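The model shown is predicted, which means the values in this text are computed figures rather than measured ones. Every chain is numbered from 1 and lettered A, B, ... according to where its sequence line falls, protein lines coming before strand lines. Side-chain atoms are counted along with the backbone in the values below, which use heavy atoms only and exclude waters and symmetry mates.
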Amino acid sequence: MAPRVRFAPSPTGYLHLGSARSALFNWLYARHTDGTLVLRIEDTDRERSSQEMIDLILRTFDWLGIEFDEGPYHQSERGQLYLDAAEKLFAAGQAYYCDLTPAEIAERTGGQGYDGYSRDRGLGPGPGRVLRFRVPDEGATVVRDVIRGDVEFEHADLEDFVIVRSDGSPVFLLANAVDDADMAISHVVRGEDLLNTTPKVLLLWEALGYGEPPVYAHLPLIVNDQGKKLSKRRDDVAVEDYRARGYLPEAMVNYLALLGWGPRDDVEVRPVAEIIEQFELTDISKGSARFDPKKLEHVNGEKIRALPLDELLALARPYVEAADWFDAASFDEERWQAVGPLVQERARTLADVPSVIDFLFLADPQVDEASWEKIMVKGPDAAGVLDDAIAAYADAEWTTDVLHETLRSLGEGRDLKLGKAQAPVRVAVTGRTVGPPLFEALELLGRDETLRRLEAARQRL
RNA sequence: GCCCCCAUCGUCCAGCGGCCUAGGACUCCGGCCUUUCACGCCGGCAACACGGGUUCGAAUCCCGUUGGGGGUGCCA
C-alpha cells in the first residue's frame, strides 16, 4: 500500500526552516513512493494560532513548490472527535480528572512534575479540571523509528500527562493519535525534538484500540553554529526572508534536502526530480546538521547559473526595481534585456543583481573612492590611458571586439598589459575596480555616454 | 536532577567488518584560464572524540568514559 504521510504545522508563526525541512522530507518521501501527503493544521492552541499565519505558510509552500495532496484539515474544526476519544478513555478508566493547578503541582512535588495525586480520587469532569491519561506503572513503550531503530521508554519515567485542558480543549498528543489513526497515516516524519512525545501518543493509540501504529522517522535537528536548535530569537529561520533576500526556491529545497540526507552518488546540486528519485527515509543521518549559509549561497549561485536568461531577468527584475536608482520612466529596457549574461556568472543571490549593473542605468557612475585612489592616483599612467582611450574611442567601431582590441593596442603603446590598461577605463565608467566584462559593458553603454564618463574622469584627475 | 538522542575534515554528506595510506561538496589557500571580478578547471590544508573489548582483521559490532544536543507545560 502506498504510504500516507502528513505535515502538521501549528500556525503560530511564519514558516520556519526546520518545519520547511520536515515538510520537504515528507513531500520527497510521498513523491518517491507515489504516496499521499496530507496537510493538517494543528491549531488546538487557539490563543497562538491565526488564519494569517496559515495563509502565509501556505504561500511559502507554494513558492517552494511543495504541494499537498490532501487537506488542509484543521484540528480546531475536529474538536468533537478528540473529545469523544477522551470520553472513551475516561469511561474505560484509562484517564481521570484532576483539579490541581500547575502551581499546586509544583508545590506538592517541588517541581518534580506530576505525581498522580488524583489517580484514585474518582473526580468527574468540572470547571478547572484537566483530564489526564493514566500511564501504566509497569512496562515500556517502544517507538519504532526507521532512522534510529527501536527507542524504548519506561512507563515509570512517564508521568500521567494532560490530554484535555481545563478549558475543555484537547492537547496535541490526543489530537495527534486520533488524527493519525483517522487519516490512516502510515509514516510520521518529523523533527527529533518530538521523539520524547512519541511514547505518549503511542500509549493513547493503544488505549484507543487503533491497532498497528505508524512507522516513525525522527529527523536530526537543524542547528546553528553554536550547535543549538535553530530558534526564532537567535537565527534567521523564516523561509520568507530567504525568499526576500534573493534565494531561489530550487536552492532552498536542494540545500535543505542536504541537511540530514545525501544522494548515494554524491551529486549534491541537482534538479528536484532527481532528489525525489534518490530519496530514502532509511538514508537519513542521525546526527544534527548545521545550517551553513555559505553553502546555501553556493547552491543558490549554481541554480542561478542554471536558469534560462529570460527567467533570470524576470526573477531579478523586482530587485532592480527596488534599487534606489531605478526610475521606471527612464529605464532602458533594451539594455536590461542585454544584461543577463553579465549578471548570471556573478550573482549568488537575486539581490546581488542591481549592484552588478547599476552603472549602466545611473546618470553618473557611483565612484568608489578606494577604487579611484588605487587606480587613478596610484596606478600607472591613468591620465595617459584615459587620453588615449578618449581619442581612440571617438571614432572606433562600437563593438565589443573592436573596443577590446583598441584598448589592448593603446595599452601596448604605453607598455601596459591589458589588465592594467583597462583599469582606469573601468573605474571611469563603472566607478569600481571590479565588475562585469568591460567591453561588453561599454558596448551596451554606447559611445556618447562612455566618452562623457571618460572625459569627466580625466577632468577630475 | 531525570528521560531520550547523537558523535568521520571547520561545516554538510559518503563509508554499513577487509576495496580506507578514509571519498565527495562548502569554506579557506595555491595555480591555470583571463580585460577586473566572477565562472570554470587543476591542486593543497584538513577528520574516524577517548578507553576497553569481540574478531585473523574495526571508522564500521559491543561496553564504558567524555563531549554535544533534545525533552522535561493545561506549547507543539
Next on the checklist: A:Tyr29: which residues meet the ring pair (Phe, Tyr, Trp, His ring centres under 6.0 Å) condition with it, sequence neighbours left out?
Outcome noted: A:His187
Next on the checklist: With a 4.5 Å cut-off on side-chain heavy atoms, are A:Leu202 and A:Glu206 touching?
Outcome noted: no
Checklist entry - Mapping A:Thr400 and A:Arg305 onto RNA chain B by nearest heavy atom, which one lands closer to the 5' end? => result A:Thr400
Item to check | B:C37: pairing nucleotide in any strand, Watson-Crick or G-U under 3.5 angstrom | outcome: none
Item to check | Salt-bridge present (A:Asp265, A:Arg270; N to O < 4.0 Å) | outcome: yes
Checklist entry - NA contact type, A:Asp283, heavy-atom cut-off 4.0 Å: base, sugar-phosphate, or nothing? => result sugar-phosphate
Checklist entry - How long is the line joining CZ of A:Arg290 and P of B:C9, in whole Å? => result 11 Å
Checklist entry - Quick one: side chain to side chain contact (heavy atoms under 4.5 Å, CB included) partners of A:Glu311, sequence neighbours excluded? => result A:Leu307, A:Pro308
Next on the checklist: Which label fits A:Phe7 and A:Phe68: parallel for a plane angle under 30°, tilted from 30 to 60°, or perpendicular past 60°?
Outcome noted: parallel
Item to check | Worked verdict on A:Arg6 versus A:Asp179 for salt bridge (charged side-chain N to carboxylate O under 4.0 Å, His left out) | outcome: CA-CA 10 Å; A:Arg6 41 75 155 189; A:Asp179 282 342; over 6 Å; no
Checklist entry - Which part of the nucleic acid does A:Glu302 contact within heavy-atom distance under 4.0 Å: base, sugar-phosphate only, or nothing? => result nothing
Checklist entry - For A:Asp266, what residues pass the salt bridge (Lys or Arg N to Asp or Glu O under 4.0 Å) criterion, not counting sequence neighbours? => result none
Checklist entry - Checking all strands, does A:Glu42 fall into the base, sugar-phosphate, or nothing category for heavy-atom contacts under 4.0 angstrom? => result sugar-phosphate
Checklist entry - Expressed as a whole number of Å, how far does the C1' atom of B:G64 sit from that of B:U54? => result 15 Å
Restricting both atoms to N or O, compile the protein contacts to nucleotides 27-30 of chain B shorter than 3.5 Å, with distance only.
unit_1	atom_1	unit_2	atom_2	d
B:U27	OP1	A:Arg348	NH2	3.3

Next on the checklist: So A:Leu195, base contact, sugar-phosphate only, or nothing? Heavy-atom distance under 4.0 Å.
Outcome noted: sugar-phosphate
Checklist entry - How many Å lie between CD on A:Glu154 and P on B:C3, as a whole number? => result 10 Å
Checklist entry - Can you find a side-chain donor-acceptor pair between A:Asp358 and A:Gln366 that sits under 3.5 Å? => result no
Checklist entry - Using a cut-off of 4.0 Å on non-hydrogen atoms, how would the nucleic acid contact of A:Gly301 be classed: base, sugar-phosphate, or nothing? => result nothing
Checklist entry - How would nucleotides 61-74 of chain B be written as a contact map, 5' to 3', with B for base contact, S for sugar-phosphate-only contact and - for no contact, using protein heavy atoms under 4.0 Å? => result --------SBS--B
Checklist entry - If only side-chain N and O atoms of A:Arg148 are considered, is one of them under 4.0 Å from the OP1 or OP2 phosphate oxygen of B:C4? => result no
Checklist outcome for this item: Residues of residues 406-414 of chain A with a heavy atom under 4.0 Å from any atom of RNA chain B, listed by number, are none
Next on the checklist: I'd like to know if the side chain of A:Asp160 pairs up with that of A:Tyr96 as donor and acceptor (distance under 3.5 Å, no hydrogens or angles considered).
Outcome noted: yes
Item to check | Pairwise P distance for B:G73 and B:G51, with rounding to whole Å | outcome: 39 Å
Next on the checklist: Checking A:Ser76 against A:Asp43: is there a side-chain donor and acceptor pair closer than 3.5 Å?
Outcome noted: yes
Next on the checklist: Which nucleotide, if any, forms a Watson-Crick or G-U wobble pair with B:G43, using both distances under 3.5 Å?
Outcome noted: B:C29
Checklist entry - If the C1' atom of B:A59 is compared with that of B:G15, how far apart are they to the nearest Å? => result 8 Å
Checklist entry - With sequence neighbours left out, what residues match A:Tyr393 under ring pair (Phe, Tyr, Trp, His ring centres under 6.0 Å)? => result A:Trp398
Next on the checklist: Only pairs with both distances under 3.5 Å count, Watson-Crick or wobble alike; so what is the partner of B:U66 in this structure?
Outcome noted: B:A7
Item to check | Annotated protein contacts, base or backbone, on nucleotides 42-47 of chain B with a non-hydrogen cut-off under 4.0 Å, one of B, S, - each | outcome: ------
Item to check | Spacing of A:Leu445 atom CG relative to B:U35 atom P, expressed in whole Å | outcome: 20 Å
Checklist entry - Tell me: CG of A:Leu219 to P of B:C12, nearest whole Å? => result 16 Å
Item to check | Opposite nucleotide pairing with B:G18, Watson-Crick or G-U, both atom distances under 3.5 Å | outcome: B:C56
Next on the checklist: Taking only the P atom of each, what is the distance from B:C50 to B:C9 in whole angstrom?
Outcome noted: 10 Å
Checklist entry - Who pairs with A:Arg348 by side chain to side chain contact (heavy atoms under 4.5 Å, CB included), at least two apart in sequence or on another chain? => result A:Glu297, A:His298, A:Asp352
Next on the checklist: I want to check a possible cation-pi pair here: A:Lys232 against A:Tyr14, using under 6.0 Å from ring centre and within 45° of the ring axis as the test.
Outcome noted: yes
Next on the checklist: For B:G24, does the base pair up with any side-chain atom of A:Glu268 as donor and acceptor (N or O, under 3.5 Å, distance only)?
Outcome noted: yes
Checklist entry - Closest to the A:Pro437 side chain: B:A76, B:U35, B:C4? => result B:U35
Checklist entry - Atom CG of A:Asp266 to atom C1' of B:A22: distance rounded to whole Å? => result 13 Å
Item to check | Value in whole Å for how far the C1' atom of B:U11 lies from CD of A:Glu297 | outcome: 15 Å
Item to check | B:G23 to B:A47 separation - P atoms, rounded to the nearest Å | outcome: 11 Å
Checklist entry - Expressed as a whole number of Å, how far does the P atom of B:C12 sit from that of B:G31? => result 30 Å
Next on the checklist: Between the side chains of A:Asp225 and A:Arg290, is the shortest nitrogen-to-carboxylate-oxygen separation below 4.0 Å, so that they form an ion pair?
Outcome noted: no
Next on the checklist: Under the rule for ring pair (Phe, Tyr, Trp, His ring centres under 6.0 Å), what residues qualify as partners of A:Phe359, not counting sequence neighbours?
Outcome noted: none
Item to check | Set of ring pair (Phe, Tyr, Trp, His ring centres under 6.0 Å) partners for A:Phe153, sequence neighbours left out | outcome: none
Checklist entry - Just checking, is any N or O donor in the side chain of A:Gln278 or A:Asp283 under 3.5 Å from an acceptor N or O on the other one? => result no
Next on the checklist: Starting the side chain at C-beta, find the nucleotide from B:U35, B:C37, B:C13 nearest to A:Arg346.
Outcome noted: B:C37
Next on the checklist: Without decimals, in angstroms, what is the distance between A:Glu345 CD and B:G40 P?
Outcome noted: 8 Å
Checklist entry - What distance, rounded to whole Å, do you find between the two C1' atoms, one in B:U66 and one in B:C29? => result 34 Å
Item to check | Note, A:Thr44 side chain near A:Val171 side chain (heavy atom, < 4.5 Å) | outcome: no
Next on the checklist: For RNA chain B, which residues of residues 429-436 of chain A approach it to below 4.0 angstrom with any heavy atom?
Outcome noted: A:Thr433, A:Val434, A:Gly435, A:Pro436
Checklist entry - When all nucleic acid strands are considered with a 4.0 Å heavy-atom cut-off, which category describes A:Tyr255: base, sugar-phosphate, or nothing? => result nothing
Item to check | d(CZ, A:Arg6; P, B:A76) in whole Å | outcome: 13 Å
Checklist entry - So how far is it from A:Leu208 CG to A:Asp84 CG, rounded to the nearest 0.5 Å? => result 10.5 Å
Checklist entry - In terms of side-chain heavy atoms of A:Ala289, which of B:C3, B:C13, B:C37 is nearest? => result B:C13
Next on the checklist: Within the 4.5 Å heavy-atom criterion, are A:Met252 and A:Leu296 side-chain neighbours or not?
Outcome noted: yes
Next on the checklist: Using the P atom as the point on both nucleotides, what is the distance between B:G52 and B:A58, in whole Å?
Outcome noted: 13 Å
